[in-house]
Each structure stands twice: as C-alpha cells, then as structure tokens.
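Order of the sequence lines sets the chain letters (A, B, ...), proteins ahead of strands, with each chain counted from 1.
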2 protein chains.
Amino acid sequence: MTRPQTSAERTLAALRELIMGGDLAPGARLGEVELADRLGVSRTPVREALSRLAAEGLVEVVPNRGARVATWTVAELEGVFDLRSVLEPQLTAHAVPRARPADVEELDALARRMHEVGAPGPDQDLDALVPLNRAFHDRLVALAAHPALAAALAAAIHPPIVRRNFLTYDEASLRRSLAHHSEIVAALRAGDPAWARAVMTSHIANARAVMVRAARLQMTATAIRQEETA
Amino acid sequence: MTRPQTSAERTLAALRELIMGGDLAPGARLGEVELADRLGVSRTPVREALSRLAAEGLVEVVPNRGARVATWTVAELEGVFDLRSVLEPQLTAHAVPRARPADVEELDALARRMHEVGAPGPDQDLDALVPLNRAFHDRLVALAAHPALAAALAAAIHPPIVRRNFLTYDEASLRRSLAHHSEIVAALRAGDPAWARAVMTSHIANARAVMVRAARLQMTATAIRQEETA
DNA sequence: CCTCGTCGGATTGCATGCAAAGTAGGGGTT
DNA sequence: AACCCCTACTTTGCATGCAATCCGACGAGG
C-alpha cells in the first residue's frame, strides 16, 4: 500500500473514508474552512478533493453554495445493484483464468479471516469485516485486469452506503455472504468461470436484499424525524 | 443547454472538448501555465479541471510531473467495447417504455439529420455527424433514467477516441451506423425493448470493428514515426 | 568512453488574500 | 400583521506568491 505523497491526495483519501465510514452523513454540509482545519491543510487541497469527489458522485456541489455529501434514493440504490449484478459476475469470470495459485491462496486467507471475525460469538467483530470485504473484492477487480470494467464498476458503486458496513446484515444473510466468498475461492481453484460467475451473482443478490431493506428503514426513520421537527 | 457559470467549469468543458475533439493528442503534455494562458484564466481553475479530468480518466497526472492526455492500448479499447456491448443495449431497452411520442420524434429528427449530412456526395459533412451522434446517444441515456447505468457508461466510454469522429468509418460501416439509428427509432415507436436492444448490440459491434481497426492503424503509424525519429 | 554527482531552470503543490455571490436578520412600509 | 428591501456577515471562487520537487546539462571521476 503506497501512501499518497501529496497533501491533496491525503485529503481526498481522508474525506472518502469519512464519508464511506459514515462519519459524515448523507446531506451533511462540507464547509471548506471547516474541513481544512479538521485535516490540517489549507483550503486549496480541500477544494481539489471535493472537486474530485464530486466527479465520482460522492458529493454534490452547487456553485457558490458549497458541497454536501451526496444523497440517494431507494430507486437509485436498486439501480446500482442492477448494474453490479451484471458487472461483478462478468468481472469474476474474467478473473478466473488469470488467478495464479498465490492469488487464490491470498483470497482464501481473506475468506477464512472473514469467517473468523464474522462468526457469531464473543469474538465477532463486524467492523473488521469491512476492510476484509473490500480487500477481497478489490483483489478480484485487480485479477480481472479489465480497466474499463473496473472503471464502470467503481463509478456505479460509489454511492457510499453500498460498501459501508455489515451491521445491517441479519445472521442468515451474513452467513450466506461469508460462504459465498469461500465458494468463489473454490471456483477459482477449480478454474471454472461459470461457477464463479454464478456465485457472484448470488452474492450480489443477497447483498441487494439486505441493502434495500436497510435503506427503506433508514428512509422511513429520517422521514419520521423530519415530521417530528416540523 | 445551460452555460456553466464558474470559470472552473468552463475550463473543464473547454479542456474536455479539446481532448475529445482531438486538438490535444493522446500523450500531449498539459502544462498548467500554458493552458491557463490559452484559456484566459489563472492556474487555479486549470488545476481543478485537470484534477477532475484525471478522476474521469481522460488525463493522467503524475505528482510533481504534471498532466498528460491519457493514452490507451488496443486491448483497453476492446475492453471498452466489451462493456458498451453489455451496457448500451441494456440501457436502450430501458429507454423504450419511457419514451414519449415527443421523445421519439426528437430522436427521429436527429436520425434523419444524420442521414442528410452523412449521405455520400458534395454535401457530406462528417464533422457535423459527431455532435448529432452524441445528441442521439445522450438522449437515449437520459430517457433510460438510470443514473447508475449512465455513470458506469460514462466512466467506461471516456477514453476519447470512442466518441471522436466518423472520419475512420468506411462507407459500408457508416451506412450501417446511420441505418441503426433509424431502426432504433422504429423499435422505440413499436415499443419493443428486445428489438431496440438487438439493434443497439449490432450498432456497438459495428462501431467496435471500425474503431479497433483505426486504433491498430494509428498505433502502427506512431510506431513507425518513432522508429524514424530514433 | 561511460557513469555519477551537482547546479540551474522550469514546473508543480500549497497557502493566503481579495472580490463576488449568497444568506440571514432587522427595520421600514403598506 | 405580512411583505419587502437593505445591510452585515459568511462562504465560495479565483489570482498570485513562495517553497519544494523534478528534469536536463555540464563537469569530474573512474
């Protein structure tokens, strides 16, 4: 992992983490001076980072009125999963013939680690699952070696809730999700693209069900809160 | 078409046009002061524009070494068309039930206009085809009303050659391309998503053949030029 | 003759200052 | 009492200045 050299890139990464991690809620105002102070840089790199995040769709900028964390509707979220259900299985199939034994072992290690920290019990640590999951999927993207597909996927996924957390998974869905990772490793080991593609399709469908449900709950919650304040 | 209010957005649009239009060749160096002088602004909006174009993949930035227009290999170009051949037909099918009669008429007008300026003869104007083609496809994207799909497509297509020009079309391919537009209009009018999807699939396949051939020629040309100078 | 180190010019990265757009609040008028 | 306008404050947008980095060239040493 190469650490970004420039202040602007560090700012970009920091902001992305703040948004993806949920420290900045959707719709939250992003004042330039406030962020600059918080991150210990001047407004210039902050502006650059905000601009790039806007290009990625993570924040929304209105001229002369500043930036806010992007919001999204349930319909948009479902659209994202429509796309993922096409692109990620395709990408996974692409990765199969390119995976070397060392790559498979690495993915296997990640999948096993996820089983450990995700297993119900006193040692369960759902927060630890997030980086492992990202590492797993990012590794697959890299293996596929298909820049255009990777770019399209990145553009589609950026709405942040998608990657955010596993706290919303019920136990059965979580168990399925973890099993899928292991099964993808098995398909890679067997060199069977169709198998890998099928598992990834299930994986996305499972995630879709969880996320859409969570989004619906969150939306009704905020709607109620707005009614109360009004 | 709303004109951008801020200097940075105008700069962004201007640079995009310079690159997409081919005035700045792939690999060309993009000095900040040079561009600032050329566009009559200071370096700040230029930096912001370059940063965003980098996020889009149109330019490549190396820290402390400046920006260049992005380059791409034939393999990457083929990857882009792989994606388009999945995404655009899907998007077109999506657009069918949402197209209102007025929308269909608008697309029909664009298709007819393309036939006029694209027909062989003294009035042929291939340059005029470019904006019409963009308008046609952008209209379809808007009709589909699928933000995630649009974002993914935009991310995938950005390698500029894809949209650049029709100068490389041989006569038969050009005739096919124009006919496809009309046939898409017909499918929309008939309300037949499967038909529209099929035509768009052919349309992309046709474009792919032309573009890959052109890219191969261009690559060998530059290779030869490099040999000569070496 | 080739390699390595150093110096000068050019360019980027970032901070800061100033002007313009926007927002909120109070006072006056109808 | 409701509405509008005007003023003061906040925030963004852009230009500019300075320090740090990088590239090329020249010269010394092997």
Side-chain angles (χ1 to χ4, degrees), chain A residues 2-19 23-71 226 229-230, chain B residues 2-19 23-71 226 229-230:
Chain A
T2 70
R3 190 177 297 112
Q5 299 291 6
T6 72
S7 203
E9 298 226 6
R10 276 193 300 276
T11 306
L12 177 65
L15 275 179
R16 222 200 302 262
E17 274 313 304
L18 282 174
I19 296 173
D23 296 292
L24 292 170
R29 199 168 155 13
L30 299 170
E32 294 181 0
V33 287
E34 179 201 336
L35 293 174
D37 290 349
R38 186 166 174 176
L39 300 173
V41 295
S42 84
R43 283 171 51 217
T44 306
V46 171
R47 280 181 65 78
E48 186 165 333
L50 286 176
S51 175
R52 293 187 59 164
L53 289 172
E56 293 178 10
L58 258 179
V59 311
E60 292 161 346
V61 180
V62 181
N64 292 319
R65 293 224 270 155
R68 318 186 77 86
V69 179
T71 59
Q226 284 180 348
T229 53
Chain B
T2 69
R3 189 176 295 111
Q5 298 293 359
T6 72
S7 203
E9 299 226 7
R10 277 193 300 277
T11 305
L12 178 64
L15 275 180
R16 224 201 299 265
E17 274 312 304
L18 283 174
I19 296 174
D23 295 294
L24 292 170
R29 201 170 168 329
L30 300 169
E32 293 181 1
V33 286
E34 179 201 336
L35 293 174
D37 291 348
R38 185 166 176 175
L39 299 173
V41 295
S42 83
R43 283 173 48 215
T44 307
V46 172
R47 281 181 65 79
E48 186 165 333
L50 287 177
S51 173
R52 292 186 60 164
L53 290 172
E56 292 178 10
L58 260 180
V59 310
E60 294 161 344
V61 181
V62 181
N64 291 318
R65 293 226 267 155
R68 319 186 77 88
V69 179
T71 58
Q226 282 180 350
T229 53

Any [X] side-chain nitrogen or oxygen under 4.0 Å from OP1 or OP2 of [N]:
X       : N      : value
B/Ser42 : D/dA15 : yes
A/Arg65 : C/dT23 : yes
B/Arg29 : C/dT12 : yes
B/Arg47 : C/dG13 : yes

What integer distance in Å separates [X]:[atom1] from [N]:[atom2]?
X       : N      : atom1 : atom2 : answer
A/Glu48 : D/dC14 : CD    : P     : 14 Å
B/Asp37 : D/dC14 : CG    : C1'   : 15 Å
B/Asn64 : C/dA10 : CG    : P     : 18 Å
B/Arg68 : D/dC22 : CZ    : C1'   : 14 Å
B/Glu32 : D/dT16 : CD    : P     : 15 Å
B/Leu35 : C/dT12 : CG    : C1'   : 13 Å
B/Arg52 : D/dG13 : CZ    : P     : 11 Å
B/Glu34 : C/dT12 : CD    : C1'   : 15 Å

Could you tell me whether B/Arg29 and B/Glu34 have a side-chain N and a carboxylate O separated by less than 4.0 Å? no

Tell me which nucleotide among [options] gets nearest to the side chain of [X].
X       : options                : value
B/Thr44 : C/dC14, C/dT12, D/dA15 : D/dA15
A/Arg43 : C/dC18, C/dG13, C/dA15 : C/dC18
B/Val41 : C/dA21, C/dG13, D/dA15 : D/dA15

Side-chain touch [X]/[Y], heavy atoms, less than 4.5 angstrom:
X       : Y       : value
A/Arg47 : B/Thr44 : no
A/Arg10 : A/Leu39 : no
A/Glu48 : A/Leu12 : no

Closest-nucleotide 5' rank along DNA chain C - winner of B/Gly66 and A/Pro63: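 Result: B/Gly66.
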
Counting distance only, does the side-chain N/O of B/Thr11 pair as donor-acceptor with the main-chain N or O of B/Ser7 below 3.5 Å? yes

